[in-house]
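Everything below concerns the one structure shown next.
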Protein chains: 2
Amino acid sequence: MNLETSLSTEEAILAAARKVFESKGFDGARMQEISDRAGINRALLHYYFRTKEKMFERIFDEALERFMPLLSTWDQDLEESWELKLKRFIIKFITFLKTNSMLFLLREIIRKPELLASKTEKHRKKLNKFVLYFDRLKQERLIRSDVDSRYIYVIIHSLCSFPLMNGIVFSYSLRISPKEYDELMTGYPEIISDLLIQLLKYQKN
Amino acid sequence: MNLETSLSTEEAILAAARKVFESKGFDGARMQEISDRAGINRALLHYYFRTKEKMFERIFDEALERFMPLLSTWDQDLEESWELKLKRFIIKFITFLKTNSMLFLLREIIRKPELLASKTEKHRKKLNKFVLYFDRLKQERLIRSDVDSRYIYVIIHSLCSFPLMNGIVFSYSLRISPKEYDELMTGYPEIISDLLIQLLKYQKN
DNA sequence: TAGTATTTTAACAATTCTGTTAAAAGTAAA
DNA sequence: TTTACTTTTAACAGAATTGTTAAAATACTA
């Protein structure tokens with residue numbers, strides 16, 4: 001067995017599969033297109049991954065694994081200010097989103113909601129750290145307390161995710177090229193960080 | 001020809017198609033499932049709509065036509081305050097989103113970006129009304145002028161769209177049932193209206 | 001009610017796609 | 001160089017899916 005070559009073939013397949021699944025979704029993806037992109041015979045896909053489904057799961061799992069570490073931002077050390085934590089999260093999140101993995105995950109979860117429960121089983125505990133952290137901030141009077149932390153959760157994630165997922169549509173609506181939209185978006189993390197901080201700061205009425 | 005009956009069959013098919021296309025997407029949709037849902041023979045789909053593609057286009061067009069009127073919110077009459085306009089828009093937008101049409105449109109545009117240009121041709125002019133309107137508000141010193149109107153556009157649309165598109169994931173992350181999430185979301189339009197108004201109000205520094 | 005047009009169905013044709021298999025090509029080691 | 005093992009390919013089988021067609025059922029009109 002030539003381990004080196006074998007690995008690189010597998011890697012080539014995975015890279016191609018990622019691209020195709022991300023842009024076409026599971027249903028729209030074609031094994032033929034994946035093998036073409038990887039520059040190999042279609043039968044090799046089955047040699048390495050057995051079925052389309054198994055290959056898909058591998059891609060899905062990997063996308064999820066890349067995402068999950070972001071959540072540890074909300075581990076409760078209060079050394080770092082919440083403003084910094086927030087900025088850090090937004091930048092990391094948006095960087096992740098630029099890989100297109102997020103729209104992929106979302107689309108496939110909607111196609112097959114069982115994926116959510118089965119695949120995030122082991123990360124279950126991580127999921128509600130955000131809310132715990134923000135509730136704590138409220139207790140400590142560090143942020144305003146009149147907005148449900150769950151809304152804050154939804155707002156922050158929406159502000160990060162959607163502008164990237166929806167880039168094609170936004171650039172079209174704003175009548176600028178996708179390239180110009182990307183350029184515009186370089187300033188975006190900074191802007192929403194500032195706006196969110198402004199909004200969340202504790203305010204004595 | 002029995003016009004009445006014919007229409008209702010066509011309507012039944014369209015309703016079924018809408019449902020299936022919206023939940024499965026073009027690639028995942030099956031003609032069989034659509035005809036089953038409509039309670040008719042599969043060949044009838046072709047009798048009425050010729051091909052899957054044509055049927056899809058009909059559904060797509062109709063979703064777009066339902067959406068486009070929302071944009072006239074930003075026609076420039078300055079009678080109504082911008083705060084009220086904004087609230088009105090958010091409520092109408094979120095109502096529309098609850099029909100699932102938006103995720104459908106977005107997903108299919110990503111699958112086939114040409115749809116965007118070809119299908120919105122005739123609405124082209126409407127698309128940049130938002131930015132014009134907000135630029136005007138800035139000139140008149142009615143809102144803060146230090147945030148690019150295009151960011152405001154992106155922010156508002158993201159805050160409206162994503163919480164509904166991503167409902168399944170959010171409810172899972174927040175560890176509440178989809179039903180509870182829906183209930184939580186009844187308060188959402190109010191919240192973001194208020195937050196956005198707070199944020200955008202003109203502030204002398 | 002008879003005749004005509006429309007709507008609906010069952011059966012079939014054609015294509016597309018996934019997955020299998022047996023053989024060829026390539027690699028490594030004795 | 002021969003042998004054994006791994007990787008790759010071409011050809012094929014089977015299933016699923018879209019689209020067609022001819023005939024049956026239904027509705028409409030004179």
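Every chain is numbered from 1 and lettered A, B, ... according to where its sequence line falls, protein lines coming before strand lines. Values in this document were obtained by computation on a predicted structure and should not be read as measured data. Values below: all heavy atoms of this structure, side chains included; hydrogens, waters and symmetry mates excluded.
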>> Can you classify the ring geometry of B/Y151 versus A/Y188 as parallel (below 30°), tilted (30 to 60°) or perpendicular (above 60°)?
In response: tilted
> At under 4.0 Å between heavy atoms, what does A/L45 touch on the DNA or RNA strands: base, sugar-phosphate, or nothing?
Replying inline: nothing
> Rounded to whole angstrom units, what separation is found between the CD atom of A/E10 and the P atom of D/dT8?
Replying inline: 11 Å
>> Are the side chains of A/R144 and A/K201 in contact, using a 4.5 Å heavy-atom criterion?
In response: no
> What's the CD1-P distance between B/I40 and C/dT7, to the nearest Å?
Replying inline: 13 Å
> A/F56 has an atom CZ; how far is it from atom P of C/dT18, in whole Å?
Replying inline: 14 Å
> Among C/dG19, D/dT8, D/dT18, which nucleotide sits nearest the side chain of A/L44?
Replying inline: D/dT8
> D/dT8 phosphate, OP1 or OP2: any side-chain N/O from A/T9 under 4.0 angstrom?
Replying inline: yes
> Of the candidate nucleotides D/dT20, C/dG19, D/dT7, which contains the atom at the shortest distance from the side chain of A/Y48?
Replying inline: D/dT7
> What are the two closest non-hydrogen atoms of A/V147 and A/K138, and how far apart are they?
Replying inline: O-NZ, 2.6 Å
> Parallel, tilted or perpendicular: which fits the ring planes of A/F89 and A/W74, with parallel below 30° and perpendicular above 60°?
Replying inline: tilted
>> Closest approach to the side chain of B/M31, judged atom by atom: which nucleotide of D/dA10, D/dT21, D/dT18 is it?
In response: D/dT18
> Which nucleotide sits closest to the side chain of B/N41: D/dT9, C/dT18, C/dT9?
Replying inline: C/dT9
> Atom NE2 of A/H46 and atom P of D/dA10: how far apart are they, to the nearest Å?
Replying inline: 16 Å
> Within the structure, does a side-chain N or O atom of A/Y47 lie under 4.0 Å from either OP1 or OP2 of D/dT6?
Replying inline: no
>> Nearest to the side chain of B/R50, heavy atoms from C-beta on, is which of D/dT9, C/dT18, D/dT20?
In response: D/dT20
> In whole Å, what is the span from the CG atom of B/D27 to the P atom of D/dT18?
Replying inline: 11 Å
> Rounding to a whole Å, what distance do you find between B/R42:CZ and C/dT7:P?
Replying inline: 20 Å
> Do B/E190 and B/S193 get their side chains close enough for a donor-acceptor pair, meaning under 3.5 Å?
Replying inline: no
>> Whole angstroms only, please: what is the CD-P distance between A/E53 and D/dA16?
In response: 14 Å
>> Using whole Å, what does the distance between atom P of nucleotide D/dA15 and atom NZ of A/K52 come to?
In response: 18 Å
> What nucleotide among D/dG19, C/dT18, D/dT17 has an atom nearest to a side-chain atom of B/R30?
Replying inline: D/dT17
